[in-house]
Trainee: 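One structure coming up, written as structure tokens, with questions to follow.
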Amino acid sequence: MTPEQPSPQPTRLPDAVLRPAVGNVFETTVEQLATAIRLGVFVVGEQLPPERDLAERLGVSRNTLREAIAALRDSGLVTTRRGRGGGTLVTHAGHDDTATSSLRHGAALEDALDFRRVVEPGAARLAATRRLSGDQRAWLLESAAAVRDADLAAHRIADSRLHLAIATVTGSPMVVESVTRAQAALGELLAAIPVLRANIQHSHDQHDTIVGAILRGDPDTARTTMEEHCDATSALLRGLIG
């Protein structure tokens with residue numbers, strides 16, 4: 001199938017996930033940065049973008065940004081080094097396996113899983129209709145390979161980054177926002193269950209099929225395989241969390 005339109009979107013997750021804060025700008029800025037860290041958009045040891053660039057991307061004053069970073073620092077997500085060569089470094093290693101106090105159960109669990117089942121297959125299908133640049137195609141392949149190469153401790157972060165990359169190449173900020181929400185909810189749920197090797201291998205194969213379908217412009221296969229992928233994860237979560 002011939003792709004329908006070009007997608008001159010960025011090939012960096014921060015450019016896609018971070019967007020201008022609205023309403024309660026301080027709280028929204030903290031939420032966006034914290035979510036980006038939890039999902040692995042910024043990884044442990046990575047330095048956040050320069051203050052001026054980050055404030056511009058988030059549409060906030062540098063003073064608001066500094067206050068938000070101070071809140072992240074107080075929460076243990078980042079640390080700040082002063083002086084030449086300094087900056088704000090990520091210290092949080094992604095999803096917190098102990099942060100299960102707000103874990104979804106019952107109807108709330110089903111709502112989170114249903115939301116993902118609607119959003120992510122649609123994102124995969126849309127991505128397969130886009131005319132991707134060489135950089136975007138390479139990014140998807142590299143993201144899928146990174147999931148395969150990740151050890152058990154890093155697997156879920158690499159997995160989230162792949163799903164966010166798929167959303168990003170759709171060229172739709174609203175799709176990126178929705179997939180970010182879905183992945184944030186999913187990460188909270190997955191933190192409560194062990195990483196299962198058999199499931200990981202199955203997941204790798206599905207990722208490869210999805211990315212392959214996107215790259216060759218096959219939206220139906222991209223959608224149906226992502227549906228199967230979501231269903232597999234949902235089955236585990238329903239069984240182990242209930």
Trainee: Would you name the heavy atoms of A112 and A185 that are closest together and state the gap between them?
Mentor: CB-CB, 4.3 Å

Trainee: Looking only at non-hydrogen atoms, find the nearest pair between S143 and A165 and report the distance.
Mentor: OG-CB, 4.0 Å

Trainee: Given the rule in the side-chain contact (heavy atoms from CB on, under 4.5 Å) test, do L54 and T88 qualify, once you have shown the distances and angles that lead to the verdict?
Mentor: CA-CA 12 Å; L54 201 51; T88 299; over 6 Å; no

Trainee: Are T129 and R125 side-chain neighbours, meaning at least one heavy-atom pair lies under 4.5 Å?
Mentor: yes

Trainee: Restricting to side chain to side chain contact (heavy atoms under 4.5 Å, CB included), what partner residues turn up for A150, sequence neighbours left out?
Mentor: A154, A158

Trainee: Mind checking the CG-CG spacing from L33 to L77? Nearest 0.5 Å is all I need.
Mentor: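 Spacing of CG (L33) from CG (L77) equals 9.5 Å.
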
Trainee: Sequence neighbours left out, what passes side chain to side chain donor-acceptor pair (under 3.5 Å) with T64? Give chain and number order.
Mentor: S61

Trainee: For atom CD of E56, is the number of surrounding heavy atoms from other residues, nucleotides or ligands below 6.0 Å larger than 12?
Mentor: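 It does not: E56 CD has 12 such atoms or fewer within range.
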
Trainee: Looking only at non-hydrogen atoms, find the nearest pair between A123 and V179 and report the distance.
Mentor: CB-CG2, 4.0 Å

Trainee: Applying side chain to side chain contact (heavy atoms under 4.5 Å, CB included) between F26 and each of T29, V30, T28, report the one that passes.
Mentor: V30

Trainee: Identify the heavy atoms of P219 and G217 that sit nearest to each other, and give their distance.
Mentor: CD-O, 3.2 Å

Trainee: With a 4.5 Å heavy-atom cut-off, do V90 and V43 have their side chains touching?
Mentor: no

Trainee: OG/S178 to CE/M174 distance, rounded to the nearest 0.5 angstrom?
Mentor: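 S178 OG to M174 CE: 6.5 Å, rounded to 0.5 Å.
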
Trainee: By salt bridge (Lys or Arg N to Asp or Glu O under 4.0 Å), which residues pair with R137, not counting sequence neighbours?
Mentor: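 Once residues adjacent in sequence are excluded, R137 has no partner under the salt bridge (Lys or Arg N to Asp or Glu O under 4.0 Å) criterion.
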
Trainee: Please enumerate all residues that pass salt bridge (Lys or Arg N to Asp or Glu O under 4.0 Å) together with E67, with sequence neighbours excluded.
Mentor: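 None.
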
Trainee: Taking atom CZ of R181 as the centre, does the number of heavy atoms from other residues, nucleotides or ligands within less than 6.0 Å exceed 12?
Mentor: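 Open: at most 12 neighbouring heavy atoms sit under 6.0 Å from CZ of R181.
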
Trainee: Just to verify, which of D220, T221, T225 counts as forming a side-chain hydrogen bond (donor to acceptor under 3.5 Å, both in side chains) with R223?
Mentor: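 Among the candidates, only D220 passes.
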
Trainee: Supply the atom-to-atom distance E228 CD to Q206 CD, rounded to the nearest 0.5 angstrom.
Mentor: 6.5 Å

Trainee: So T233 and R116, side-chain contact (heavy atoms from CB on, under 4.5 Å) or not? Walk me through it.
Mentor: CA-CA 11 Å; T233 304; R116 186 189 183 216; 3.7 Å; yes

Trainee: Contact between F42 and V78 at the side-chain level, heavy atoms closer than 4.5 Å - yes or no?
Mentor: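 Not in contact.
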
Trainee: Between I200 and D159, does the side-chain contact (heavy atoms from CB on, under 4.5 Å) criterion hold? Intermediate values first, please.
Mentor: CA-CA 10 Å; I200 287 178; D159 191 295; over 6 Å; no

Trainee: Keeping to residues at least two apart or across chains, list the ring-ring contact (aromatic ring centres under 6.0 Å, His included) pairs with something in residues 146-170.
Mentor: H155-H204, H163-H207, H163-H229

Trainee: Is there any salt bridge (charged side-chain N to carboxylate O under 4.0 Å, His left out) pair reaching into residues 160-179, and which pairs are they, with sequence neighbours excluded?
Mentor: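 Applying salt bridge (charged side-chain N to carboxylate O under 4.0 Å, His left out) to every pair that reaches into residues 160-179, excluding sequence neighbours, yields R19-E177.
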
Trainee: Do side-chain atoms of T170 reach the backbone of A167 as a donor and acceptor pair under 3.5 angstrom?
Mentor: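 Side chain of T170 to backbone of A167: a pair is present.
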
Trainee: Taking the side chain as every heavy atom from C-beta outward, state whether L186 and L237 have any atom pair closer than 4.5 Å.
Mentor: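 Yes. Closest side-chain heavy atoms under 4.5 Å.
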
Trainee: Among residues at least two apart in sequence or on other chains, which ones pass salt bridge (Lys or Arg N to Asp or Glu O under 4.0 Å) with R148?
Mentor: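 Here the qualifying residues are D205, D208.
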
Trainee: Check whether any side-chain heavy atom of L162 sits under 4.5 Å from a side-chain heavy atom of V211, and report yes or no.
Mentor: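 Sidechains of V211 and L162: in contact.
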
Trainee: Working to the nearest 0.5 Å, report the span between CG of L65 and CZ of R52.
Mentor: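 Here the interatomic distance stands at 13.0 Å.
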
Trainee: I'd like to check the side chain to side chain contact (heavy atoms under 4.5 Å, CB included) partners of T79; sequence neighbours left out, ordered by chain and number.
Mentor: L89, T91

Trainee: Can you name the closest pair of heavy atoms from V60 and A21 and give their distance?
Mentor: CG1-CB, 4.0 Å

Trainee: Tell me, please, which residues at least two apart from N199 pass side chain to side chain contact (heavy atoms under 4.5 Å, CB included).
Mentor: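 For N199, the residues satisfying side chain to side chain contact (heavy atoms under 4.5 Å, CB included) (neighbours in sequence not counted) are L196, L236.
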
Trainee: Can you tell if the side chain of C230 reaches within under 4.5 Å of the side chain of M226, non-hydrogen atoms only?
Mentor: yes

Trainee: Is L18 close to V41 at the side-chain level, that is, under 4.5 Å between some pair of heavy atoms?
Mentor: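 No, side chains not in contact.
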
Trainee: Between D53 and R57, is a side-chain contact (heavy atoms from CB on, under 4.5 Å) present by the stated rule, with each step listed?
Mentor: CA-CA 6 Å; D53 295 346; R57 173 156 294 282; over 6 Å; no

Trainee: Determine whether I210 and L141 fall in the same hydrophobic cluster, where Ile, Leu, Val, Met, Phe, Trp and Tyr are linked whenever their side-chain heavy atoms lie under 4.5 Å apart.
Mentor: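 Yes; L141 is reachable from I210 via cluster members.
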
Trainee: Only counting residues at least two apart or in another chain, list the ones meeting salt bridge (Lys or Arg N to Asp or Glu O under 4.0 Å) with E110.
Mentor: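 Once residues adjacent in sequence are excluded, the partners of E110 under the salt bridge (Lys or Arg N to Asp or Glu O under 4.0 Å) criterion are R238.
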
Trainee: Any side-chain donor-acceptor pair under 3.5 Å between R73 and T80?
Mentor: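 There is such a pair (donor and acceptor under 3.5 Å, judged by atom type) between the side chains of R73 and T80.
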
Trainee: Among all residues two or more places apart in sequence or in another chain, which pass the ring pair (Phe, Tyr, Trp, His ring centres under 6.0 Å) test with H202?
Mentor: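 Residues passing ring pair (Phe, Tyr, Trp, His ring centres under 6.0 Å) with H202: none at all.
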
Trainee: Applying side chain to side chain contact (heavy atoms under 4.5 Å, CB included), name anything that partners T224, two or more places apart in sequence or on another chain.
Mentor: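 Testing T224 for side chain to side chain contact (heavy atoms under 4.5 Å, CB included), a comparison that skips the adjacent residues, returns E227.
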
